[in-house]
Amino acid sequence: MKEVTFIRRNIDKWKESEKRLEEAKSLSPDRLADVYMELTADLAFAQTHFPTSRITVYLNNLASAMHNEIYRSKREKWSRLVTFWTQEVPDIMYEARKELLVSFLVFLAAVFIGAVSALNDPDFVRLILGNHYVDMTLDNIAAGKPMAVYGGMSETPMFLQITLNNVMVSFSCFAMGVLTSFGTGYILVSNGIMLGAFQTFFYRHDLLWESALAIWLHGTLEISAIIVAGAAGLALGNGWLFPGSYSRGESFRRGAKRGAKIVVGAVPVFIAAGFIEGFITRHTHLPDALRLSLIFVSLAFVIFYYIYLPNRRKHGITKN
């Protein structure tokens with residue numbers, strides 16, 4: 001890579017690092033450490049390819065100043081618990097906005113495939129969901145309780161089991177990024193096809209509205225968190241596939257760090273979804289307006305936290 005290309009690709013990031021250095025007293029040491037890691041990676045590249053260049057001197061001075069600020073600052077353990085979810089995760093989500101969009105589109109396409117397949121072949125649902133589950137649901141429909149599956153266990157065990165399962169799915173979706181982005185894509189497609197087939201199954205039995213209220217009561221948060229976990233896996237996989245100006249190993253480490261923060265940040269969302277599914281979804285007698293309101297509140301949170309807040313922090317807030 002030519003020096004002018006290297007500078008053009010990274011100059012905006014370096015200017016942002018200078019701003020972070022000026023605001024060092026108001027930033028957590030961990031946030032400074034993230035910036036410092038990026039600077040040292042660029043510095044290593046510059047020292048290797050442009051050892052006598054002025055840009056190498058500039059990066060060395062900037063990295064040294066950042067290093068001094070990091071070790072001058074004190075770690076604040078309890079405040080980190082707050083700033084991680086209020087600052088670090090939104091910042092990372094802005095950086096991963098393209099991965100989030102791709103994850104959403106892949107999942108949406110898979111839902112469409114599942115729905116169309118289930119519409120054209122009634123046996124497709126059995127292939128995806130299994131004969132036992134389909135037969136059990138048909139029995140529940142015949143008994144006038146189509147959503148009885150959500151009341152099959154007592155509340156607390158169901159909440160714990162569902163939450164654990166969802167968290168495991170999210171971490172699997174992230175970890176599959178090790179197999180490049182296609183591994184994560186496989187998890188997204190599998191879950192998307194399952195959702196499309198599941199929803200279409202109830203549509204074929206004239207239960208679309210009732211099933212949608214029950215499924216999306218907890219599914220708004222659950223599915224959104226899976227898509228976010230997909231973005232984490234894509235960040236990991238893309239770090240391996242598209243190293244850019246970094247070595248493949250360094251790019252992979254950076255992608256892994258970004259992805260890990262994203263997926264850990266989604267854990268509370270899975271817990272909330274598990275709580276709703278374990279304690280609320282089973283109560284199908286609740287007014288439709290109440291259930292619909294909870295769905296819209298969940299959707300509003302997802303849009304605010306994963307789309308609006310990251311953009312607001314990037315473009316509308318100048319001080320952390």
Checklist entry - Any chance the rings of Phe182 and Tyr186 have centres within less than 6.0 Å? => result no

Checklist entry - Would Glu222 and Trp216 satisfy side chain to side chain donor-acceptor pair (under 3.5 Å), going step by step from the backbone distance to the final call? => result CA-CA 9 Å; Glu222 182 180 301; Trp216 291 101; over 6 Å; no

Are the side chains of [X] and [Y] in touch, meaning some heavy atoms are under 4.5 Å apart?
X      : Y      : result
Thr137 : Pro146 : no
Met147 : Leu207 : no
Ile295 : Leu217 : yes
Met136 : Asn140 : yes
Met37  : Arg253 : no
Arg8   : Val4   : yes

Item to check | Worked check of side chain to side chain contact (heavy atoms under 4.5 Å, CB included) between Glu155 and Met158 | outcome: CA-CA 5 Å; Glu155 287 92 338; Met158 186 174 183; 6.0 Å; no

Atom pair [atom1] ([X]) and [atom2] ([Y]), whose distance is rounded to the nearest 0.5 Å:
X      : Y      : atom1 : atom2 : result
Leu188 : Ile226 : CG    : CD1   : 8.5 Å
Asn61  : Leu43  : CG    : CG    : 9.5 Å
Phe201 : Ile128 : CZ    : CD1   : 13.5 Å
Ile276 : Leu221 : CD1   : CG    : 5.0 Å
Ile280 : Leu286 : CD1   : CG    : 8.0 Å
Glu95  : Asp91  : CD    : CG    : 7.0 Å

Looking at [X] and [Y], would you say the former's side chain and the latter's main chain have a donor-acceptor pair under 3.5 Å?
X      : Y      : value
Asn238 : Leu234 : yes
Asn191 : Ile187 : yes
Ser103 : Leu100 : no
Trp14  : Leu59  : no
Thr184 : Cys173 : yes
Arg204 : Leu119 : yes
His49  : Phe45  : yes
Arg97  : Tyr94  : yes
Tyr203 : Trp209 : no

Heavy atoms only: give me the nearest [X]-[Y] pair and the separation to one decimal.
X      : Y      : result
Ala118 : Phe124 : N-CD2, 3.8 Å
Pro310 : Phe304 : CD-O, 4.1 Å
Ser170 : Val263 : O-CG2, 3.7 Å
Val228 : Ala266 : CG1-CB, 4.3 Å
Val125 : Ala197 : CG2-O, 3.9 Å
Ala225 : Val269 : CB-CG1, 3.9 Å

Applying a strict under-4.5 Å side-chain criterion to I, L, V, M, F, W and Y, I'd like to know whether [X] and [Y] cluster together.
X      : Y      : value
Leu290 : Ile215 : yes
Leu108 : Val106 : yes
Phe279 : Leu294 : yes
Val116 : Met194 : no
Tyr308 : Ile92  : yes

Under 3.5 Å, is there a donor-acceptor pair between the [X] and [Y] side chains?
X      : Y      : result
Ser53  : Glu3   : yes
Gln199 : Ser211 : yes
Asn10  : Lys13  : yes

Over 60° means perpendicular and under 30° means parallel, so tell me whether [X] and [Y] are parallel, tilted or perpendicular.
X      : Y      : answer
Phe50  : Phe6   : tilted
Tyr133 : Phe198 : tilted
Tyr306 : Phe301 : perpendicular

Item to check | Test log, rule side chain to side chain contact (heavy atoms under 4.5 Å, CB included), inputs Val189 and Phe107 | outcome: CA-CA 6 Å; Val189 169; Phe107 189 87; over 6 Å; no

Checklist entry - Are Ser117 and Asp121 close enough, and set up right, to give a side chain to side chain contact (heavy atoms under 4.5 Å, CB included), and what steps lead you there? => result CA-CA 6 Å; Ser117 299; Asp121 182 5; over 6 Å; no

Next on the checklist: Glu88 and salt bridge (charged side-chain N to carboxylate O under 4.0 Å, His left out): which single residue from Lys261, Arg313, Arg258 fits?
Outcome noted: Lys261

Next on the checklist: Quick check on ring-ring contact (aromatic ring centres under 6.0 Å, His included): which of Phe275, Phe270, Tyr150 does His218 satisfy it with?
Outcome noted: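 Filter result, single survivor: Tyr150.
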
Checklist entry - What's the verdict on side chain to side chain contact (heavy atoms under 4.5 Å, CB included) for Arg291 and Thr284, showing C-alpha distance, side-chain angles and the deciding distance? => result CA-CA 9 Å; Arg291 292 191 289 171; Thr284 56; 4.1 Å; yes

